[in-house]
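Worksheet: the structure to be examined is printed underneath.
For ligands, and for the atoms within them, numbers begin at 1 and follow the listed sequence.
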Amino acid sequence: MSRNLPVTLHDIYLARARIAGQAARTPLIRSHALSARFEAEVYLKLETLQPTGAFKLRGALNCIAALDSAQLERGVTTASTGNHGRAVAWAAARLGARAIICVSELVPRNKVAAIEALGAEARVIGRSQDDAFVEARRLVDEEGMALIEPFDDPLITAGQGTIGLELMEDLPELDQVLIGLSGGGLLGGIGRAVKGINPAVQVNGISMMAGAAMIESLAVGHPVAVEEQESLADSLGGGIGLENRVTFALVREVMDRHFQVSEPAIARAMVHFFEQEKMLVEGAAAIGVAALEEHRLDIRGQRVALIVSGNGIDADTFMRARDMAAD
Ligand SMILES: *Cc1c(COP(=O)(O)O)cnc(C)c1O
């Protein structure tokens, strides 16, 4: 049995102090279009404005900043569907550490190129997140690199939780938050932060239909492997780890409801961002809008925040979404 590692509100405050001035404190803006459509106050938390275009910089900075100088010298590695890899590459470059980022063949080419542009080596290996992770493990065992986990680490999760502190400062009367759910570092961290400040805030997790590892794991009561499938929300792919130590227990504790959304709903949500919000975001970042639409959530009169988690998308993927949304 793996031992569960807790993440406290205090850990999240410590993370905030550690990453201050490096990760952006992102704006929370009102969506006039969504507020009108749902007769609510709907806000967008713009993690797309991080230097790497996604929130994962928060966790990566918190984790790498905690390493000692000998570890920094041997370098860092990780397996990532893209945004975490970019975050580790960026944070490592900042802190003067070598980085090797292991990614699966399903990861879009633009994300691999972005990692290389940040000065890290991108190692493309295997058909799944798990295959890429095996290579990262080997680099740790044989070359002494430090493994920076994508989500299942107390420092990573606490780093992502700093989003929750900012939400509660900018919108103290927050009623609900909608969060894309994959490994659960994002949802677990934000959930711990917002509920630590106000336990009444409703925490909603959103995943795509196929390959939603956390939701399938919660359903059976322990972490299970799922088959990875292509999705417009490619950043939400991958397993949660059969030896999950942090996020499975944390998500089970802090998540009130979860929803799964279809690919056409994700496509329409991406087009919504483009046409109504004038923003280009990836599928995983648009998924809150997909849940509001597809599940016809009644949020009338409430203050609701959507985590716009990243903008790792290329033109071809957006065109595919636009065509799907038009059908
Ligand atoms: C990683 C990621 C998520 C999901 O975060 P987890 O901590 O794995 O649940 C959501 N959106 C984007 C853009 C991501 O990169």
### Task
Would you mind running through ligand 1 and noting each atom that sits below 4.0 Å from a heavy atom of G310?
13 (C)

### Task
For D152 and T247, indicate whether the former's side chain and the latter's backbone hold a donor-acceptor pair under 3.5 Å.
yes

### Message
At less than 4.0 angstrom from any non-hydrogen atom of G185, what atoms of ligand 1 do you find?
### Response
6 (P), 7 (O), 9 (O)

### Message
Tell me the contacting part of K56 for ligand 1: side chain, backbone, both, or neither, using a 4.0 Å heavy-atom threshold, strictly below.
### Response
side chain

### Task
Any atoms of ligand 1 less than 4.0 Å from a non-hydrogen atom of N83? List them with their elements.
13 (C), 14 (C), 15 (O)

### Query
Taking the side chain from T78 and the backbone from I148, do they hold a donor-acceptor pair closer than 3.5 Å?
yes

### Query
Does L187 reach ligand 1, in the sense of a heavy atom lying below 4.0 Å from it?
no

### Query
Given G85, G183, A87, which has its nearest heavy atom closest to atom 8 (O) of ligand 1?
G183

### Query
Counting each atom of ligand 1 from 1 as listed, which ones have a heavy atom of E282 under 4.0 Å away?
13 (C)

### Summary
Numbered in order shown, the ligand 1 atoms found under 4.0 Å of a heavy atom of L236 are 3 (C), 4 (C), 10 (C)

### Task
Going by heavy-atom distance to atom 13 (C) of ligand 1, choose the closest among G205, S309, G59.
S309

### Message
Has R192 got a side-chain atom pairing as donor or acceptor with V7's backbone, closer than 3.5 angstrom?
### Response
yes

### Atoms in ligand 1 with a heavy atom of S182 nearer than 4.0 Å
4 (C), 8 (O), 9 (O)

### Summary
Closest to atom 9 (O) of ligand 1 by heavy-atom distance, out of G188, G184, A284, is G184

#### Entry: Residue pair E47 / T26, side-chain donor-acceptor N/O under 3.5 Å
yes

### L186, any N or O under 3.5 Å of ligand 1 N or O
yes

### Query
Donor-acceptor pair, E263 side chain versus L232 backbone, under 3.5 Å?
yes

### Task
Report yes if A54 has an N/O atom closer than 3.5 Å to an N/O atom of ligand 1; otherwise report no.
no

### Task
Answer yes or no: is there a donor N or O on one side and an acceptor on the other, between the side chain of Q176 and the main chain of V304, under 3.5 Å?
no

### Query
So, the side chain of S207 versus the backbone of L181: is there a donor-acceptor pair under 3.5 Å, distance only?
yes

#### Entry: Flag, side chain of T157 to backbone of F151, donor-acceptor distance under 3.5 Å
yes

### Query
Between R58 and T162, is a side chain to side chain donor-acceptor pair (under 3.5 Å) present by the stated rule, with each step listed?
CA-CA 8 Å; R58 295 173 185 261; T162 58; 2.9 Å; yes

